[in-house]
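I have placed the structure first, in the form of C-alpha cells, so that the comments after it can refer back to it.
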There are 2 protein chains.
Amino acid sequence: MTAGTTQLHKDRTAMRVTISDVADALNLTKSTVSRAMNGYPDIAEATQLRVKRMAQEMNYQPLSHAQAIKTGRTRSLGLVLQLSDHDAHRPFLAEFLAGLSEGASIEGYTLTVASADSDQHVIESFRALLRDGKADGFILPRAMVDDPRVKLLRDADVPFVLFGRQQNPEGCSWFDIRGEDAMRDAVHHLAALDHQRIGFINGGTRYAYAGLRLQGYLDGMASDGLSVASELIVEDALTMADGACAAKKLLDAKPPPTAIICATDQVALGVYRAATERGQAIGRNLSVVGYDGIQEGAQAQPALTTFSVDNRVAGVRLATLLIRRIRGEPSENLRETAAAVFLDRGSTGPPMGE
Amino acid sequence: MTAGTTQLHKDRTAMRVTISDVADALNLTKSTVSRAMNGYPDIAEATQLRVKRMAQEMNYQPLSHAQAIKTGRTRSLGLVLQLSDHDAHRPFLAEFLAGLSEGASIEGYTLTVASADSDQHVIESFRALLRDGKADGFILPRAMVDDPRVKLLRDADVPFVLFGRQQNPEGCSWFDIRGEDAMRDAVHHLAALDHQRIGFINGGTRYAYAGLRLQGYLDGMASDGLSVASELIVEDALTMADGACAAKKLLDAKPPPTAIICATDQVALGVYRAATERGQAIGRNLSVVGYDGIQEGAQAQPALTTFSVDNRVAGVRLATLLIRRIRGEPSENLRETAAAVFLDRGSTGPPMGE
DNA sequence: TCGCTTGCCGAAACCGGTTTCGGAACGCAA
DNA sequence: TTGCGTTCCGAAACCGGTTTCGGCAAGCGA
C-alpha cells in the first residue's frame, strides 16, 4: 500500500529508486550498472540489455545533479533573454519557449532561463550559469552581425546554437529560416502582379537576418529584371513607428513605389498606418508584403500578406541541435535552415494605374 | 599567469574553488567550513566570520548540484507554461520572465522553464521537475478558480506561489494585482463623466481574476448608485473576437450602454472593432475602459484608457516570495497585492445625448 | 583538585552517481 | 598441462558537498 506509484512524493527523497537499487535487483554492483547505462564497451551486451530493461522496469533515471558532480554536465540548456531588445520578438517568445522545452525534454534535458538588459549582463549570465553548472550549452536567439556572445562562447569552447546564421561560421551551429528566399519570393509575387517599383524596408541592421533579407530582395529584383532604386530602400526599421516613418519616406519618392516589401510584420503594420493616413488603400493603391506571420497581421484590414515562421519548430530544432552539439558532434554538422510559408492574403494586388 | 581570473574556463572544472580549498586556506576541515557557511550554531561566531570572509575573498560559492545530492534542493524555481492558453498572456511573458529571473538571481536561484499543452501534462511536468530536482518550488501563473495545480502541490506539500488569488487560501501564497479595485475605479471614472448605463465584459470565468473583477464592477456600480442591468454584462470573453461579439450583444441592448468596461485590453480592442464597424466613435459615442496595459492599446485610435499592470515587478515579487516559501516561511505570511495604474487616455468621454 | 558540562571543531560516513584499477574466469595456442 | 591474452565485472576511490558523532579543551561548581 502507501506505495503511491506515481505520487508527487510528500516525503521527498524517500522513494527514489537509485542506481544501487537497480544493482541489487540484478545482483550487480552499481559500477556495472553505471557503465551499462552509459554504454561502456567493457560490459557484456547481454548484461547491458538486462540492466537497461531493469532500469526501465523499475523506472530508474539517474539524478542529473548527482552525475553532474562528476561529469560536470547537468542536462540543461541555457537561454539568456536580452530585454533591451525592442518588443518585436515578444509575441514569439511563448511558442519559441514551448518548442525549446519540448525539444529539450525529449532528450531528458531541461531549460534554464535567465535575462539580462545589456550585452555585458548577458555575458555575466553565461558565466554564472556555467559556473554553477546550470547550463551545459546555450541557445542564442536573434543572431547578430558581430555577435559578442558568439565570440565569447566560441573562444571558451562552450557549446551553443544560434537562431540565425553567422558570417564567420567557424564553431557555429544554427537553425534559421531562409528569409532571403522569402524576400525573393515576395518580389516574384509582386512582379507577377506587374509591379515595377517595389520598395524594401529592412529590419535592424545589427541583426544577421537583415543582410540576408536585403540580398534576397536584390536577387529577386535582378532575376525579374527590375531596377533597384536606392531611394526605395530603407534600412534599420525595428518598430511599427519606424515602419510608418520609412513608409512616408518611400511614398514621397517620385514616382512612389506601388508595392513595399517589409522585412518584418511589425514594420509592415507601420506601413499600413502611414498609408492609411494618406488615404491609400492597402492591397489596391499600395501592395504590402510582410514577414513573420504575427497575429496582428491576420487581424489587420486587409489581412497582411506575409511569410509565416514557425517559432515552435525552430525551438524544437534548436534544442535538439544543441544537445547533439553538447554530446560532441562537430558544429559544422549542425546547421539547418527551413523555408518560411507564404501566406497570400489581402494586402497585395495589381498596381493601379493612376 | 594564465590564471584568467574571470574567464569562461575552457578547461571546465579545472579551476573551480571548492570547499576544501577554503578549508585548507584556513586550516580547517571542510565540515567546519560547511557548517560555518550554513550558520550552524555549533561554530564559534569568530570562525563563522573568518570562513565567510575567506569564502568571499576566494570567490567561493557552493555548487548547487553538489549540495542538492544531500539536501535535495538545487536552488531553482520551476515555471510550467500552459500553452493551450489563448494567447492573451503572451505579450506579458517576456517581462514576466525577466522579473522572475531577476528576483531569482538576487538570491542565487535560477529559473527552470517547462511547457505543457494540457492540465495533465502540466502535472507531469511538475512531477518530472521535482523528481529530477530541477525545481524546489513552482510559480503558478494565471490562478484558476479551481486550480488543479494548487490541489496537487498543496497535497504534496511542495512550495508554490500563485500569480493571482485563491478562494480557499489554505497553503497558498500569492502575488496579485487588485483588479477589483481597478474595475471599481473604472466605474467611478465613468460615473464622474455622467455615464449611467455602463456595461461590463468579463474575462475567462475559469480564471480567478474574473470573479474579483466582476465584484469590483458591481461594487463600483452600487457605490455610485447605478443600477446593474444583467443584459449589460457578458462573461467569459477571452479573445479580441470574443470582445467584438460581446460588444455587439451589448450595443443591441435597448437602451445600449454609453460605456463599456472590459476585464482585459484584448477584449477592449474587440469592442473597438465592433463599435467602429457600427460607426460608433470610441471616446465619443462609446466610452471604453480596458485592463492590462498592453501595447496595442496605446497604439489604438484613440489610445485605450486602461489600467496598466507591471508584469516585471510581479515576476520579481513572485520569485522572492517563492524563495521565502522554500526556506520555510509559512504560506500565510507570503501574500501580497498591488494596485494597477490608471492610464487615462483617449477612449473615454462624457456620454453623448442622441 | 576533581568531575561534569559546555563550546567548538575534526573525523568519518554519506548522498548518488562515475571512473580507474585489478583480478577472476574463460578461451586458445603451445 | 601451462602460459597468455581477452572478456567481463567487482572493489574502491572519487566528485563536492552535508551531517552525524565523538572528543578535546576550557569553564564551572563543589
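The chains referred to below are lettered A, B, ... by the order of the sequence lines, with proteins before strands, and numbering in each begins at 1.
dG17(C) atom C1' lies 14 Å from atom CG of D132(B), rounded to whole Å. Here dT18(C) presents its P atom at 9 Å from CZ of R75(A), a figure rounded to the nearest Å. D24(B) has its CG atom 14 Å from the C1' atom of dG10(C), to the nearest Å. Rounded to whole angstrom, the span from the CD1 atom of I69(A) across to the C1' atom of dT19(C) amounts to 13 Å. Rounded to whole angstrom, the span from the NZ atom of K70(A) across to the P atom of dT20(C) amounts to 8 Å. Between the P atom of dC14(D) and the NZ atom of K30(A) lies a distance of 14 Å, rounded to the nearest Å. What separates CG of L63(A) from P of dG16(D) is a distance of 17 Å, to the nearest Å. Rounded to an integer number of Å, the gap from CG of L49(A) to P of dC8(D) is 14 Å.
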Worksheet item: Please walk me through it: do D147(A) and R149(A) pass salt bridge (charged side-chain N to carboxylate O under 4.0 Å, His left out)?
Response: CA-CA 5 Å; D147(A) 205 311; R149(A) 303 169 299 180; 2.7 Å; yes
Fill in: Check against side-chain hydrogen bond (donor to acceptor under 3.5 Å, both in side chains), Q61(A) and R131(B)
CA-CA 9 Å; Q61(A) 200 160 356; R131(B) 233 187 63 126; 2.7 Å; yes
Discussion item. Evaluate D176(A) against R165(A) for salt bridge (charged side-chain N to carboxylate O under 4.0 Å, His left out), listing each step before the verdict.
Written reply: CA-CA 6 Å; D176(A) 199 10; R165(A) 278 159 281 174; 2.9 Å; yes
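Side-chain nitrogen and oxygen atoms of T32(B) include none within less than 4.0 Å of the OP1 or OP2 phosphate oxygen of dC9(C).
Rounding to the nearest 0.5 Å places OG of S34(A) at 6.5 Å from OH of Y40(A). Here L111(B) contributes atom CG and E102(B) contributes atom CD; the two are 12.5 Å apart, rounded to the nearest 0.5 Å.
If you check every strand for non-hydrogen atoms under 4.0 Å, T47(A) touches sugar and phosphate atoms only. Contacts of T18(B) with the nucleic acid, taken as non-hydrogen atoms under 4.0 Å apart, involve only primed sugar atoms and P, OP1 or OP2. Counting non-hydrogen atoms under 4.0 angstrom, D21(A) reaches nothing in the nucleic acid.
Of the residues listed (I139(A), V161(A), L321(A)), the one engaging F175(A) in a side-chain contact (heavy atoms from CB on, under 4.5 Å) is L321(A), and it is the only one.
Comparing dT19(D), dC9(D), dG17(D) by their closest approach to the side chain of R35(A) singles out dC9(D).
Looking at residues 37-44 of chain B, you'll see D42(B), I43(B), A44(B) sit with a heavy atom under 4.0 Å from some atom of DNA chain C.
For T29(B) and S31(B), the side-chain atoms include at least one donor-acceptor pair closer than 3.5 Å.
Residues N27(B) and Q61(A) each lie close to DNA chain C; by heavy-atom proximity, the contact nearer the 5' end of the strand is made by N27(B).
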